[in-house]
Each structure stands twice: as C-alpha cells, then as structure tokens.
Amino acid sequence: LDHIHTTVFPWVIRDGVSIRGQVEYQGKIYRGQALAELIAPIASAVDEDSFMSLVNALKGNFSIIAERSDGSVWLAVDIASSLPLFYHRTDMLVSDEAELIRQKAGIEPADISPRNLGEQLLLCYSMFDHTAYAEIAQVDIGQCVFLSRGRCRKAFYYTHLQPIIPETYAQAYDRYREANRRMADRMIQMLDGRQAVISLSGGYDSRYIIGILTEAGYENVVCYTIGK
C-alpha cells in the first residue's frame, strides 16, 4: 500500500483506513481529519454490503482504502473516480499511482496489453477497470473492490445507467430542476465561499456548471480557456 498524491486532498490515515477527498454526508461537509473520523470507525467494523451502503451515501470526491484486521483490503472511489485508485489483479498491491504498482510487481514497461492499448488509442481513455497493463486494474466509477489472498470481489454501489421511469415531460422537468438545485446547493456548500475556477472546454459540462452556479447566485467564479 503506497500513497503518492498528497497535495490536493492529501491522504488522512486513521485506524487502518486511508481516505482523501471531500464529501457531503447527511447534510454536512467532511474533509481531512473530520472525514477520516467519520469513515474509519464504520469501515473497520461493517460487512461488505454495509460498507457499500455507506459509500453510496457519500456525495463528493473521495477514494478509500480500508485495511481490515483479517488482512483483506477494501477499496472505493466516487461515482466519477475523480481520485483514482489502482490495484494488482493477483497480488496485494494498492496505490493511487499505477506506475508504482508496475515497478513493485516487476512488470516491464514494454509489457503493455495490445488490446488495452488499442482501446486507449481508439477511445482516448480506458474502459471499465482497464489500464495499459493487463495485470493492473483501476477501481471503476461507482465501484467497491474487496481484496484478500486469492479473492477479488468487485461490486458497483452506483451505476449511471438508471431504470426508465414512465412520467410526463412536466414531471421529468421538475425532477431535473430539483436535481440541479440540490447539486448547486452541495457545490456551494463545499466551496464554502472560496473561489471556483472553471475551465471552459467548449463543451456542455463546463457551461452547465457555470449555469447552475450563476442561477444559484454564486458570484465568486473565475473561468478560463486554453488556446486561441
């Protein structure tokens, strides 16, 4: 187990549980030591299904590594994998840096999976839990991974593919507006008066974020673009 990234959302370790990020949980914002104090006692005591229920209740950016007393290691990332985690598929190697796992596992730099490489070249990203190396996996978005000697269980606590709900346009629009309001409230709560710096990519996502922050009346925002 190695922690590399310590500048943005540094790792906090408590009672065998390593966690980084910031989350909203039951209406309150947790980050740093407060986040570790919230998660560690629960993650150390519950079963796998209860751990997934806990992770599902966290809204924000996070990654969790829980080293259990039985020698198993439980991993989780948020629904966007904004703070990635990597692990070896057969050895008990976990890190927030895939290159470190490659080195420790003795994988040669040239031993790249042709299939995974082709996937990256075609799509410009890796699908599912794939990385450039077949032996190294990443925790997929909305996923928990339970590692122990000779066992690797993967389970999604959240999926972006939601069931179809029959409703009218007006009902769907009202739900959409309510989701926007909750998301804006959560973003503003996490910003806590700080300046939001948003990269304008030319796509819909960045403009969407600016739009909901503007509608919510949050003015401490700076936008930038790269190139001409």
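- Residues Tyr176 and Tyr169 share a single hydrophobic cluster, defined by chaining ILVMFWY side chains whose heavy atoms lie under 4.5 Å apart.
- For the pair Ile141 and Ile79, the minimum side-chain heavy-atom distance is 4.5 Å or more.
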Exercise answer: donor-acceptor pairs, residues 181-188 side-chain atoms, under 3.5 Å, sequence neighbours excluded:
| residue | atom | partner | partner atom | Å |
| --- | --- | --- | --- | --- |
| Arg181 | NE | Glu178 | OE1 | 3.2 |
| Arg181 | NE | Glu178 | OE2 | 3.4 |
| Arg181 | NH1 | Asp185 | OD2 | 2.7 |
| Arg181 | NH2 | Glu178 | OE2 | 2.5 |
| Arg186 | NE | Glu24 | OE1 | 3.3 |

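- The nearest pair of heavy atoms linking Ala134 to Arg89 is O-NE, 2.8 Å.
- When every heavy atom of Gln138 is checked against every heavy atom of Ser126, the shortest pair comes out as NE2-CB, 3.9 Å.
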query: Can you list the steps and then say if Ile136 with Ile107 is a side chain to side chain contact (heavy atoms under 4.5 Å, CB included)?
result: CA-CA 10 Å; Ile136 302 175; Ile107 303 171; 4.0 Å; yes

message: Run the side chain to side chain contact (heavy atoms under 4.5 Å, CB included) test on Leu93 and Asp91 for me, step by step, so that the C-alpha distance in whole Å, both residues' side-chain angles and the decisive distance to 0.1 Å come before the verdict.
response: CA-CA 6 Å; Leu93 297 173; Asp91 291 336; 4.1 Å; yes

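- Between Leu147 and Leu75, some side-chain heavy-atom pair lies under the 4.5 Å cut-off.
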message: For a salt bridge (charged side-chain N to carboxylate O under 4.0 Å, His left out) check, start with the C-alpha distance between Asp111 and Arg102, then their side-chain angles and the critical distance, and finish with the verdict.
response: CA-CA 10 Å; Asp111 289 342; Arg102 183 198 66 76; over 6 Å; no

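- Taking the side chain as every heavy atom from C-beta outward, Asp129 and Val139 never approach each other to under 4.5 Å.
- Hydrophobic clustering, with ILVMFWY side chains joined whenever heavy atoms are under 4.5 angstrom apart, groups Ile226 together with Val197.
- Residues Tyr224 and Leu200 are not in side-chain contact: their nearest non-hydrogen atoms beyond the backbone lie 4.5 Å or more apart.
- Note on Ile39 and Leu83: separate hydrophobic clusters, where clusters join Ile, Leu, Val, Met, Phe, Trp and Tyr whose side-chain heavy atoms are under 4.5 Å apart, directly or indirectly.
- Taking the six-membered ring for Trp and thresholds of 30 and 60 degrees, His130 and Phe128 have ring planes more than 60 degrees apart, a perpendicular arrangement.
- Side-chain contact check for Val23 versus Leu35: some heavy-atom pair is nearer than 4.5 Å.
- Remark: Asp47 CG is packed, more than 12 non-hydrogen atoms of other residues, nucleotides or ligands lying under 6.0 Å away.
- Looking at heavy atoms from C-beta onward, Ile198 lies in side-chain contact with Val221 at the 4.5 angstrom threshold.
- In terms of modelled atom types and a separation under 3.5 Å, the side chain of Thr159 and the main chain of Leu161 share a donor-acceptor contact.
- You'll find the side chain of Trp11 reaches within 4.5 Å of the side chain of Ser63, heavy atoms only.
- The pair Glu135-Lys104 does not meet the salt-bridge criterion, since no charged nitrogen lies less than 4.0 angstrom from a carboxylate oxygen.
- Looking at heavy atoms from C-beta onward, Phe9 lies in side-chain contact with Gln22 at the 4.5 angstrom threshold.
- Side-chain atoms of Asn180 and Tyr208 include a donor-acceptor pair closer than 3.5 Å.
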- request: Would you check, one step at a time, whether the test side chain to side chain contact (heavy atoms under 4.5 Å, CB included) holds for Ile65 with Val73?
  value: CA-CA 7 Å; Ile65 306 171; Val73 179; 3.8 Å; yes

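- Applying the ring-ring contact (aromatic ring centres under 6.0 Å, His included) test to every pair with at least one member in residues 57-96, sequence neighbours left out, gives these pairs: Phe51-Trp74, Trp74-Phe146.
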